[in-house]
Structure formats: structure tokens, C-alpha cells
Amino acid sequence: MASTSSSSVSEPPTNSEPVPADSVQEIHPGEDEDLAAKPEVLRWWEAVPAVEKVDENVGVPKQPEVYKWWENSAGESTVTVKWKTLEHNGVLFPPPYEPLPSHVKMRYDGKELDLPPAAEEVAGFYAALIESDYTQDAGFNENFFRDWQTVLQKHPPRDGIEVTNLQLCDFRPIFEYFEAEKAKKKAMSAQEKKDMKKAIADLELTYTTCLFDGREEKVGNFRIEPAGLFRGRGEHPKRGCLKYRVQPEDVTINIGGNAPIPVPNVPGKWKEVIHDNTVTWLATWTENVNGNHKYVFLVVGSSLKAQSDMLKFEKARELKASHGHIGRIRTTYDVDLKSTVLADRQRATALCFIDKLGLRVGEEEHDADVDTVSCCSLCCVHVRLEAPNFVVFDIIGEDSIRYYNRVPVEVQVFENIRIFKENKSDEDRLFDYVKKADLNEYLQTEMKGLTATVFRTFNASSTLQRLLDENDLRSANLQEKLNAYNKASHEVAILCNHRRAVPPSRTHAQATEQNKLRSLKYDRMQLRRTLFKVDEKFRGTKEYMDNESDMNDEWTASHEEAMKTGDVENTEGLAEDGEKVSVLRDRIAEIEAAYPALEQERGTDADFKRAKLAEKIQETIGELDEEIKARKLRIIDRKEAMEIALSTSKINYFDPRITIAWCKIRDVPVEKVFSQSLRLKFAWALEVEGDWKF
DNA sequence: CTCACGACTTAGTAGAAGCGTG
DNA sequence: CACGCTTCTACTAAGTCGTGAG
């Protein structure tokens with residue numbers, strides 16, 4: 001499957017290939033020293049056998065000898081101990097609200113509104129967003145306004161105005177004040193900025209690290225989340241609700257029994273101080289909007305997190321290792337697809353989706369929140385069948401990201417879906433006999449520690465390995481190598497459905513492309529018209545009927561205006577349009593110039609010339625068509641590429657050793673592929689042999 | 001034996017930082 | 001040296017999964 005034997009791996013290419021001058025290849029000499037100069041990186045993995053060996057006889061993995069203190073001799077049901085000693089300085093609360101200067105007042109129904117600080121603060125949260133998409137959303141607005149009104153009730157405007165209608169609120173004065181403040185900050189000198197940063201760093205210094213079993217470790221999110229408006233994704237029913245300011249009274253501190261208890265940086269007392277060494281968090285509080293728990297943990301690069309990260313990949317590798325777990329599991333579910341027990345058949349089908357399509361397991365129900373779905377929560381509407389063997393998924397998945405996939409499936413899977421959908425309505429569960437817990441319980445029996453998510457890790461990592469192996473890149477330059485890596489990442493990201501919103505700056509570039517395309521279409525239209533004038537007979541022919549669909553009068557008019565003023569290049573970004581197009585444009589100009597002379601001419605000679613011209617026009621239209629088609633495809637391609645988020649799989653699903661080994665074999669500096677923070681996170685993997693395989 | 005809850009991982013986004021360029 | 005674009009990091013929302021209470 002994914003792995004090829006190491007003997008088939010190409011020799012590392014010699015590094016003598018010609019490299020274009022612009023593709024920077026040298027590693028910055030300071031770079032390595034930089035890493036080495038950071039003694040903070042605890043090399044916990046060195047004390048440890050890197051790979052967890054599996055006992056062949058029992059099939060039970062031995063615990064790796066990392067920090068044996070959390071190994072507990074007392075057997076399986078005992079909770080694990082995560083630390084012996086823990087010292088830290090608690091969390092950092094944001095500074096109290098600072099009222100706006102007295103000249104900054106929002107308006108209500110045209111009149112200035114004199115708000116007490118508490119109400120003004122909430123108005124400010126909204127004001128900051130008035131030019132964003134959030135405030136275009138009725139649900140967001142409704143929730144905000146209701147919560148704000150509650151605050152206003154307690155802290156009414158000092159001038160007695162009653163705020164009853166969001167439409168009458170004008171937050172712009174506050175917004176503009178914020179903008180001005182931002183501009184002021186931006187205009188500060190480099191030194192001032194530096195000083196300010198230093199001051200913040202000093203203030204935060206005591207919070208950034210803790211003593212975890214006596215080792216210094218970095219604390220992750222020690223800053224308490226500031227109050228604000230809840231930015232739930234998609235159609236989250238609570239979007240726009242007011243998230244309260246967190247007080248010491250809300251926060252529970254978890255710390256070693258002998259450690260000094262930190263003092264909050266704002267007035268107040270901790271809700272509680274506990275000494276629970278079975279958990280890894282340093283502090284927790286409950287957020288008011290959804291009642292979710294928030295935790296303060298160590299940073300991702302901490303040894304604690306890194307170890308569990310490594311264990312995750314070891315688990316995924318175990319799935320495919322010599323015992324052939326994955327082969328056996330797949331064979332079993334293939335058989336179970338035909339099981340006479342409906343529950344088994346459903347489970348096998350669900351498992352097939354999780355394995356082959358990378359679906360998440362999908363919780364059954366989370367308190368009527370958003371209706372995002374995944375495998376176990378699939379309803380009949382979400383899955384359509386298309387004969388002969390296609391299944392079409394169209395669902396709103398995690399983070400309200402749409403998952404649309406039309407895939408061919410085995411006959412048995414197709415048949416099963418048909419059966420499961422029988423006599424059910426759209427909103428009924430497709431897998432009504434499968435619960436997430438059952439599925440994971442079943443997986444446990446197949447392999448200890450196996451859960452649905454392991455399939456995602458396993459499939460992402462093994463696919464990456466396979467794709468990278470496909471191309472030895474012997475004669476490629478650095479950029480080509482990086483492109484190959486990104487292409488492989490891209491494919492995995494699609495498998496995992498990792499998507500992102502396209503930032504506005506990019507949509508602008510898209511618009512430029514779109515304009516170039518339209519201007520080509522305009523040329524085509526003009527050519528067609530000339531062709532009809534040269535010879536009426538073409539008017540009726542099918543291939544010249546097309547009216548270049550997306551060209552409306554408005555655009556045509558503005559385009560023609562731009563051409564008159566000679567401003568096409570500037571307004572439509574046509575300047576750097578490539579040689580091919582300029583050759584075509586020259587031809588078009590020739591044609592348009594040739595026609596008027598012919599217009600009044602009659603006789604056989606003229607007919608001949610007309611026929612010749614018509615031929616030339618047809619030819620040119622043909623070439624234009626090709627160019628238009630190519631550009632259309634490129635636009636679609638680029639758009640799709642922009643929507644795919646490559647980082648998520650790199651951070652969470654790719655065993656870093658795959659990438660690092662690839663870098664070594666292909667002679668690519670690791671820092672071209674892993675950013676500083678990823679190199680920190682994956683420090684444990686940076687020393688693998690060149691031919692390491694997932 | 002459920003199921004709600006607690007803890008921890010996975011996820012997209014906003015904004016800061018970096019960077020080539022006119 | 002401001003500008004526009006890309007990349008990186010911080011932030012926090014939204015999942016998963018095991019467990020412990022009832």
C-alpha cells in the first residue's frame with residue numbers, strides 16, 4: 001500500500017543540479033545555530049526508545065519508556081498521573097475597560113448616546129465589527145442586540161434615551177475612533193513599537209513559563225479570553241451573544257500541593273484552587289455563552305503535548321504495521337457489508353466511509369446546537385445514490401464547512417445505502433443502528449487503542465508517504481520539489497476536507513483574471529460580428545451563435561469606455577497578459593483593419609478576398625476559444641487551490657518523520673516546509689534517518 | 001447502562017509579521 | 001519606505017473520546 005520498501009527509495013540526489021538563481025537554496029548559516037542556541041528545547045525523546053515496539057504474542061504495545069512516572073502499576077482502571085510537581089503563576093486577566101474619550105459618542109436616532117462604561121464596552125464590541133460580515137448576519141445582530149439591551153437595562157444611557165431598535169443605532173463614531181487608534185499605533189516609530197512590545201513581554205514574563213515536574217515548560221494560553229461577542233461559525237444559534245468578562249471568581253487553578261498559590265492580577269479571589277495531578281491543565285473556567293469549559297494548557301511544543309503527539313502517530317503506524325491490522329479490518333468489514341445482522345451491516349458501511357473517505361465519526365447529538373453532521377449522524381437526505389454506483393454526500397461538516405463528494409463505491413455499499421434508506425424519511429438517521437460509542441468499542445476489539453480518528457491520521461499520513469514516494473525528483477530544483485510536496489499535501493487536504501474562506505485580497509486577483517477572460521470574450525464577440533458582416537451565412541451557424549454568456553451590457557459598456565481612454569491595461573490588469581494573447585490581439589487588429597476596405601468592394605476578386613478573410617477570422621476565433629477555455633480552467637483550478645487549507649493536515653495529520661525523511665532524501669532544507677513553530681512542535685522527529693518510512 | 005460532562009485534539013480565522021517591489 | 005501580498009502565529013471554536021455520576 002502506502003509504503004514502498006526502503007530499497008526502492010531513490011538515492012539522495014546529488015546536490016550539484018543547476019538551481020535557478022532565484023530559488024534560494026542556501027540555508028542561512030545562523031539558522032542551525034539558532035536552533036541549537038535554544039537550550040529550552042527539552043530533548044525528552046533522547047532518553048527514550050523512539051519507536052514503541054509491539055509484543056508479537058500478545059498484541060499489546062509496551063508502554064514506551066517516556067517519563068515512567070505516569071506509568072501506573074495499579075492496572076487499567078486507574079487514572080493516569082500526569083505530573084508530580086507543578087508550579088505556575090496562574091493566568092493573566094485583561095486590563096479593566098477603559099472608557100472612550102468623552103468626545104466619542106455613538107448615535108441613536110441621530111442623537112448622541114451617553115453610555116455608561118459597561119454598556120459602552122459592549123457597543124464597542126459591535127462597533128469594531130460593523131464593516132465585517134458578522135454584522136450582515138441577522139442572527140448575529142439579533143443575539144447581540146438582545147444581550148446589549150440586557151446590559152443597557154442595568155446601565156441605561158445617562159440621557160434617558162431608550163434603545164429599542166438596532167437600525168437606529170449608529171456605531172460609526174466608535175468604529176472610526178478605533179480605526180484612528182489603529183492608525184496611530186501603526187504610525188509609531190520602530191523604536192516605540194519595540195518598547196511597547198518589550199513592556200508587554202515584561203508584564204507577561206511570569207506567566208509564560210511554569211515548572212512542570214521541575215522542568216521549565218512554556219504555558220500556552222495564559223491570557224484569559226477577553227470579553228466580546230461570540231463568533232460561532234455558520235448558523236450557530238448563539239452567534240453574536242455577549243461573552244462576559246472572566247473574573248478570578250470564575251477561574252479554578254490547578255497547581256502542585258507544595259507550590260505557592262498565585263495571586264490574580266486583578267482584584268478578586270480564585271473560584272477554587274485544586275491539586276489534581278491526573279490532568280494537565282493549569283487553570284479552567286466555564287464560558288457563559290455555551291457553558292463550554294476553557295482550559296489553560298502547556299504550549300503545543302511542550303514535551304507533554306509532543307509525547308502524546310508522537311504516541312498518536314505510533315498508534316496510526318501500528319494500524320498498518322507488520323500485523324496487518326488494517327488489512328484484516330478491511331477484509332472484515334468487506335464481509336460484514338453483507339451481514340444479515342442489520343447493525344453489523346450498518347457498522348461495516350459506516351466504517352467503510354470513515355476509512356475510505358476520511359469522514360469523522362460524528363457525535364450523535366450535541367445539545368441541539370448547530371446541525372453539522374458526519375458519519376454516525378448522517379441522515380438520509382445527506383446521502384444520495386446515483387446509478388450505477390455513485391454516492392453523493394452533501395453535508396455541512398465540522399466548523400460548518402460543506403462537504404460535497406460524489407464517489408464511486410462498491411456495489412455492496414451502494415446496495416446497502418439503498419436498503420438503509422428504505423422506508424425512511426429525509427431526516428431519519430441513515431445508520432440508525434450505529435452509535436459512535438458502539439463503533440469505537442468495536443474498533444477496540446480489532447486493535448487496542450483504535451478509534452475512528454486513528455483512521456484519519458493513518459490515511460492522511462500513509463497517503464502523503466505514497467504520494468511523496470511516487471516522484472523521485474532527481475533532477476528537480478528546489479522550487480519543483482516544494483511544488484511536489486505541496487501537491488501531495490493538497491491531495492490529502494482534499495481527502496480530509498480542510499477548507500478555508502478565501503481572503504478578500506485574493507478574490508481581487510480572481511476578479512482581475514475574470515476580467516482578462518471577459519476581455520477575451522469581448523474580442524471574440526467583435527470578431528463574430530465582423531465575420532457575419534463578411535459573410536451572412538455564418539450568422540446562423542451553431543458554433544458562432546454563443547453570445548459569450550457572462551458578458552452583460554454594463555460590463556461591455558465600461559470595457560469599451562476603458563478602451564477608448566486607452567486605460568484597459570490599468571483598470572483590468574491586462575498589462576501582463578502573455579505573448580500568446582498579444583499575438584492574437586495583433587491578428588485581430590489586422591482583421592479589423594482589413595475589413596472596411598472590403599466592405600464596398602464587389603466582384604469575384606472581392607469574393608475571394610472575403611472568403612480568405614472569413615477563413616482567417618474563423619481560425620482566430622478557434623484560437624481564442626482555446627485560450628478562453630484554458631483560462632476558464634485555470635481560474636477554476638486556482639479558486640479551488642485557494643479554498644484548500646494545507647496547514648491543518650500538516651499540523652495534525654502528517655507524521656512529521658515522513659516530511660523530515662523526505663527533506664533529507666530530496667535534499668530540501670526542513671525550514672522550507674516546516675515553520676519555526678512546527679520545527680518546535682516536531683523537534684522530537686528532527687533526527688530520524690533519511691530513509692524513515694511511515 | 002446511559003448519558004452528560006470533563007479533558008484534550010483538531011480546526012478555521014483574524015491579524016501580525018515578513019517580504020519583495022515600485 | 002509605504003504598499004500589497006503571502007506566511008505565520010495566536011486565538012478560540014468545535015470536534016472526539018473516555019469516564020464517572022446517577
Side-chain angles (χ1 to χ4, degrees), chain A residues 22 24 76-80 82 128-129 132-134 182 185-187 190 193 197 220-226 228 230-234 236 238-239 243 252 254 276 278-281 284 286-287 289-301 304-305 308-309 311-312 360-367 369-370 372-377 397-401 435-437 439-441 443-444 449-454 456-457 460 493 496-506 508-509 642-653 671-672 674-681:
Chain A
D22 61 329
V24 197
E76 286 174 5
S77 63
T78 332
V79 281
T80 44
K82 303 287 167 58
L129 298 176
S132 75
D133 288 346
Y134 291 107
K182 265 190 233 168
K185 232 183 202 169
K186 220 177 140 192
K193 282 183 192 168
K197 242 178 125 177
N221 51 332
F222 57 85
R223 295 178 198 89
I224 288 283
E225 292 176 18
F230 175 69
R231 278 130 117 127
R233 313 248 161 94
H236 197 295
K238 298 284 182 67
R239 63 202 191 278
K243 212 168 68 161
T252 299
N254 188 31
D276 183 353
T278 68
V279 295
T280 65
W281 53 265
T284 186
T286 302
E287 154 268 341
V289 176
N290 297 289
N292 289 334
H293 302 306
K294 302 286 186 152
Y295 299 91
V296 175
F297 292 115
L298 300 184
V299 293
V300 280
L304 186 82
K305 295 262 186 196
S308 79
D309 210 38
L311 256 27
K312 171 183 78 186
R360 297 181 185 83
V361 64
E363 293 276 0
E364 284 84 52
E365 209 97 2
H366 21 140
D367 38 13
D369 262 10
V370 220
T372 60
V373 295
S374 208
C375 196
C376 288
S377 45
E398 181 174 3
D399 287 299
S400 296
I401 301 286
K435 285 210 178 86
K436 181 210 79 178
L439 209 148
N440 276 336
E441 204 175 297
L443 291 174
Q444 291 289 336
L450 183 61
T451 61
T453 36
V454 179
R456 262 170 93 78
T457 314
C496 295
N497 201 41
H498 291 142
R499 283 161 196 284
R500 60 171 185 191
V502 177
S505 63
R506 302 241 192 162
H508 178 256
M642 285 192 300
E643 284 174 354
I644 301 297
L646 298 186
S647 59
T648 307
S649 42
K650 201 191 261 185
I651 295 168
N652 299 299
Y653 289 111
E671 58 272 25
K672 293 284 174 202
F674 282 159
S675 65
Q676 173 64 29
S677 62
L678 281 185
R679 291 198 299 268
L680 223 55
K681 170 169 178 171

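Below, chains carry the letters A, B, ... as their sequence lines are ordered, and counting in each starts from 1.
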Taking only the side-chain nitrogens and oxygens of [X], find out if one of them lies under 4.0 Å from OP1 or OP2 of [N].
X: A/R456; N: B/dA11; value: yes
X: A/S677; N: C/dT9; value: yes
X: A/N440; N: C/dC17; value: yes
X: A/S647; N: C/dC8; value: no
X: A/T372; N: C/dG15; value: yes
X: A/T648; N: B/dG12; value: yes
X: A/K312; N: B/dT10; value: yes
X: A/H236; N: C/dA13; value: no
X: A/K243; N: C/dA13; value: yes
X: A/K82; N: B/dC8; value: yes
X: A/K294; N: C/dT12; value: no
X: A/S308; N: B/dC8; value: no
X: A/Q676; N: C/dT7; value: no
X: A/R231; N: C/dT12; value: no

Q: Answer yes or no: are there more than 12 heavy-atom neighbours, outside A/K193 itself, under 6.0 Å from its atom NZ?
A: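 Enclosed.
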
Q: Tell me, please, which residues at least two apart from A/K182 pass salt bridge (charged side-chain N to carboxylate O under 4.0 Å, His left out).
A: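 A/K182: salt bridge (charged side-chain N to carboxylate O under 4.0 Å, His left out) contacts with A/E179.
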
Q.
Under the rule for salt bridge (charged side-chain N to carboxylate O under 4.0 Å, His left out), what residues qualify as partners of A/E225, not counting sequence neighbours?
A.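 Partners of A/E225 under the salt bridge (charged side-chain N to carboxylate O under 4.0 Å, His left out) test: A/K243, A/K294.
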
When we call it a touch if two heavy atoms are under 4.0 Å apart, what does [X] touch: a base, just sugar-phosphate, or nothing?
X: A/K197; result: sugar-phosphate
X: A/F297; result: base
X: A/Y134; result: sugar-phosphate
X: A/Q444; result: sugar-phosphate

Rounding to a whole Å, what distance do you find between [X]:[atom1] and [N]:[atom2]?
X: A/K672; N: C/dT6; atom1: NZ; atom2: P; result: 17 Å
X: A/E398; N: C/dT16; atom1: CD; atom2: P; result: 7 Å
X: A/K182; N: B/dG15; atom1: NZ; atom2: P; result: 6 Å
X: A/I651; N: C/dT9; atom1: CD1; atom2: C1'; result: 9 Å
X: A/D133; N: B/dG12; atom1: CG; atom2: P; result: 18 Å
X: A/L443; N: C/dG18; atom1: CG; atom2: C1'; result: 15 Å
X: A/I224; N: C/dA10; atom1: CD1; atom2: P; result: 18 Å

Q | Selection from C/dA14, B/dT10, C/dA10 that lies nearest to any side-chain heavy atom of A/R223 | A |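 That would be C/dA10.
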
Heavy-atom donor-acceptor pair, [X] side chain to [Y] backbone, under 3.5 Å:
X: A/K312; Y: A/N652; value: yes
X: A/E287; Y: A/N290; value: yes
X: A/R456; Y: A/C496; value: yes

Anything under 3.5 Å between a protein N or O and an N or O of nucleotides 1-6 of chain B, put it in a table, one pair a line.
| from | atom 1 | to | atom 2 | distance (Å) |
| --- | --- | --- | --- | --- |
| B/dG6 | OP2 | A/H293 | NE2 | 2.1 |

Q.
Judged by each residue's nearest nucleotide on DNA chain C, which is more toward the 5′ side, A/T453 or A/S675?
A.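 Nearest nucleotide further toward 5': that of A/S675.
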
Q: Could you go through the side chain to side chain contact (heavy atoms under 4.5 Å, CB included) check for A/F297 and A/K305 one step at a time?
A: CA-CA 9 Å; A/F297 292 115; A/K305 295 262 186 196; 3.8 Å; yes

